[in-house]
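So that the names make sense, note that chain A is the first sequence line, chain B the second, and so on, each numbered from 1.
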Amino acid sequence: MAVSKVGRSNDKWRFLSGTDVESAARSLLGCRVSAYGVTVRLTEVEAYSGVGDDPASHAHRGRTPRNTVMFGPAGVLYVYFTYGMHWCMNVVTGPVGRASAVLLRAGEVVDGIDTARARRTSRAGVVSTDRDLARGPARLTMALGVTGVDYGAELLDASSAVTLLPRVEAVPDSSIRNGPRVGVAGGADIPWRYWIDGERSVSPYRPRVLRKQ
DNA sequence: AGTAGGATAATCT
DNA sequence: GATTATCCTACTG
């Protein structure tokens with residue numbers, strides 16, 4: 001049967017396809033992501049706009065082979081490889097052509113914790129603490145077992161390997177904080193990092209390293 | 001508790 | 001050839 005896409009009959013995900021990536025980011029907090037036997041409750045995300053105003057966005061300079069899915073419909077997974085060893089995952093948001101996305105930065109493992117621990121054991125054999133299992137974008141992605149093969153996955157399709165699930169508990173607006181995004185080279189003044197206040201799984205703020213003057 | 005340095009490769013200029 | 005939406009380890013205090 002036809003997959004229910006964002007909007008139309010699927011009102012609960014309507015916020016994903018709106019034009020406002022900030023409110024999409026807020027609404028994703030508290031939602032769950034499930035993949036390969038592990039489920040995570042999102043506690044920290046970052047919004048990235050598309051072509052134009054946001055120099056930190058991978059889509060800022062237009063369409064390339066890497067960012068192609070960002071230009072498609074909302075509710076699709078954008079995965080990228082960085083720093084020679086890490087995968088990070090985003091939820092594409094906004095109308096087709098907008099190319100905005102929300103980076104999933106941290107979460108709390110709520111199911112499949114043994115699997116997550118196994119994936120988050122370092123080469124030296126050190127097992128992560130539960131708090132750190134999905135604290136940080138590459139850690140979150142690693143805990144879920146998500147890699148480049150999941151690029152373009154339909155997150156709202158229940159038969160997909162990677163799925164997005166609605167909030168189980170409400171997340172009041174008053175518990176949501178925001179501030180500058182982490183580690184970005186441009187747009188450091190845009191406060192598009194959102195997190196749930198008081199969550200231990202939120203990655204610590206690190207001022208970006210100064211490049212050159 | 002805080003920071004410095006290394007690992008390691010796709011992507012884009 | 002430079003840059004990168006990072007993580008881990010080891011060191012200092």
- Selection from C/dT9, C/dT6, C/dA5 that lies nearest to any side-chain heavy atom of A/A138: C/dT6
- Item | Whole-Å distance separating the CG atom of A/L133 from the P atom of C/dC7 | 13 Å
- Partner of B/dT8 by Watson-Crick or G-U wobble geometry, both contacts under 3.5 Å, or none? none
- Message: Nearest whole Å is fine: how far is C/dT6 P from A/R135 CZ?
- Response: 14 Å
- Message: Let's go through A/S100 and A/S49 carefully: what are the C-alpha distance in whole Å and the side-chain angles of both, what is the deciding distance for side chain to side chain donor-acceptor pair (under 3.5 Å) to 0.1 Å, and is it a yes or a no?
- Response: CA-CA 4 Å; A/S100 56; A/S49 191; 5.8 Å; no
- Query: Do A/L144 and A/D150 come close enough that some side-chain heavy atom pair is under 4.5 Å?
  - Reply: no
- Query: Does A/S122 make a side-chain N or O approach to OP1 or OP2 of C/dC8 shorter than 4.0 Å?
  - Reply: no
- Phosphate oxygens OP1/OP2 of C/dC8: is one of them under 4.0 Å from a side-chain N or O of A/R120? yes
- Message: Tell me whether the rings of A/W87 and A/F81 are parallel (<30°), tilted (30 to 60°) or perpendicular (>60°).
- Response: tilted
- Query: What's the closest nucleotide to the A/M70 side chain, out of C/dC8, B/dC12, C/dA5?
  - Reply: C/dA5
- Expressed in angstrom and rounded to an integer, what is the separation of A/H58 atom NE2 from C/dT3 atom P? 15 Å
- Counting heavy atoms from C-beta on, name the nucleotide in C/dT6, C/dA5, B/dC12 closest to the side chain of A/R66. B/dC12
- Atom pair distance, as rounded to whole Å: CZ in A/R63 and P in B/dC12: 13 Å
- Item | A/R123 side-chain N/O to C/dT9 phosphate OP1/OP2 under 4.0 Å | no
- Would you please indicate if the ring centroids of A/W13 and A/F15 are separated by under 6.0 Å? yes
- What is the distance, rounded to the nearest whole Å, between atom CE of A/M85 and atom C1' of C/dT3? 14 Å
- Does NZ or CZ of A/R66 lie under 6.0 Å from the centre of the six-membered ring of A/Y78, at an angle within 45° of the ring axis? no
- Item | Length of the line joining A/R181:CZ and C/dT4:P, which is rounded to integer Å | 14 Å
- Quickly work out the A/W87 CH2 to B/dA9 P distance and round it to whole Å. 12 Å
- Check if the side chain of A/Y83 and the base of B/dA9 share a donor-acceptor pair of N or O atoms closer than 3.5 Å. no
- Query: Between C/dT4 atom C1' and A/R61 atom CZ, what is the distance in whole Å?
  - Reply: 13 Å
